[in-house]
Amino acid sequence: MNRTVLSEEKVTPEALAYIAGYHQEVVNEVARNVGENRVVVIGMAQNPFVKKVRCALKDAKVEFKYLEYGNYMSQWKQRLAIKLWSGWPTYPQVFVDGKLVGGFQDTKRLIESGKLK
């Protein structure tokens, strides 16, 4: 990955422990579902792109597991923990066969290519 991240040597052990435990139960739930389901959509209420990706998958008759964490006014810390874990900055986050494919546009391209069937 070309994205620069802060080296662990530049972070105190206390800060590393805090980062590692930050809403770990949510991260564990997401990771477990990504491992157990072929297609997983992680989203939030009121986000139009989450709705679009869910509709696109339904229209393509692709079964998926949907995990929702709050809306624009709630559960932002849980969503932040998921973003830190995945490295993807927005919602939805779509995983196929255990791999992050991206958001709505990325999933739409995957559906259109026929690779998701």
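Values reported hereafter were calculated over all heavy atoms of this structure, with side chains retained and with hydrogens, waters and symmetry mates removed. When a residue number appears, it is its place in the shown sequence, counting from 1.
A donor-acceptor contact shorter than 3.5 Å is absent between the side chain of Arg79 and the backbone of Gly43. A donor-acceptor pair is defined here as one N or O able to donate and one able to accept, closer than 3.5 Å; such a pair exists between the side chain of Gln93 and the backbone of Trp88. In this structure, Lys117 contributes its side chain and Ala60 its backbone to a donor-acceptor pair below 3.5 Å. Looking at Lys65, its side chain never comes within 3.5 Å of a backbone N or O of Val40 through a donor-acceptor pair. Formation of a donor-acceptor pair under 3.5 Å by the Ser86 side chain with backbone atoms of Ile82 is found in this model.
Counting heavy atoms of neighbouring residues, nucleotides and ligands inside a 6.0 Å radius, atom CZ of Phe49 does not exceed 12 of them. Residue Glu25 qualifies as enclosed at atom CD: its count of foreign heavy atoms under 6.0 Å is above 12. Annotation: Glu63, atom CD; neighbour count of heavy atoms from other residues, nucleotides and ligands within 6.0 Å does not exceed 12.
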Show your reasoning for whether side-chain contact (heavy atoms from CB on, under 4.5 Å) applies to Gln75 and Met44. CA-CA 9 Å; Gln75 291 188 298; Met44 57 187 280; over 6 Å; no
Applying side-chain contact (heavy atoms from CB on, under 4.5 Å) to Asn33 and Phe95, what does each step give before you reach the verdict? CA-CA 10 Å; Asn33 276 282; Phe95 291 82; over 6 Å; no
Working note: Asn47 + Tyr72, criterion side-chain contact (heavy atoms from CB on, under 4.5 Å); need CA distance, chi angles, decisive distance, verdict. CA-CA 8 Å; Asn47 183 312; Tyr72 288 103; 3.6 Å; yes
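How far CD of Gln46 is from CD of Glu68: 9.0 Å, rounded to the nearest 0.5 Å. Between atom CG of residue Leu110 and atom CG of residue Asp106 there is a gap of 9.0 Å, rounded to the nearest 0.5 Å. Annotation: the span from Asn28 atom CG to Trp85 atom CH2 amounts to 10.0 Å, rounded to 0.5 Å. Here the straight-line distance linking atom CG of Leu6 with atom CD1 of Ile19 works out to 8.0 Å at 0.5 Å rounding. The CZ atom of Arg32 sits 8.5 Å away from the CG atom of Leu67 when rounded to the nearest 0.5 Å.
Hydrophobic clustering (side-chain heavy atoms under 4.5 Å, transitive across Ile, Leu, Val, Met, Phe, Trp, Tyr) groups Trp76 together with Leu84.
For Phe64 against Val62, the heavy-atom pair with the smallest separation is CD2-O, 3.3 Å. Scanning both residues, Val53 and Pro92, for their nearest heavy atoms gives CG1-CG, 3.7 Å.
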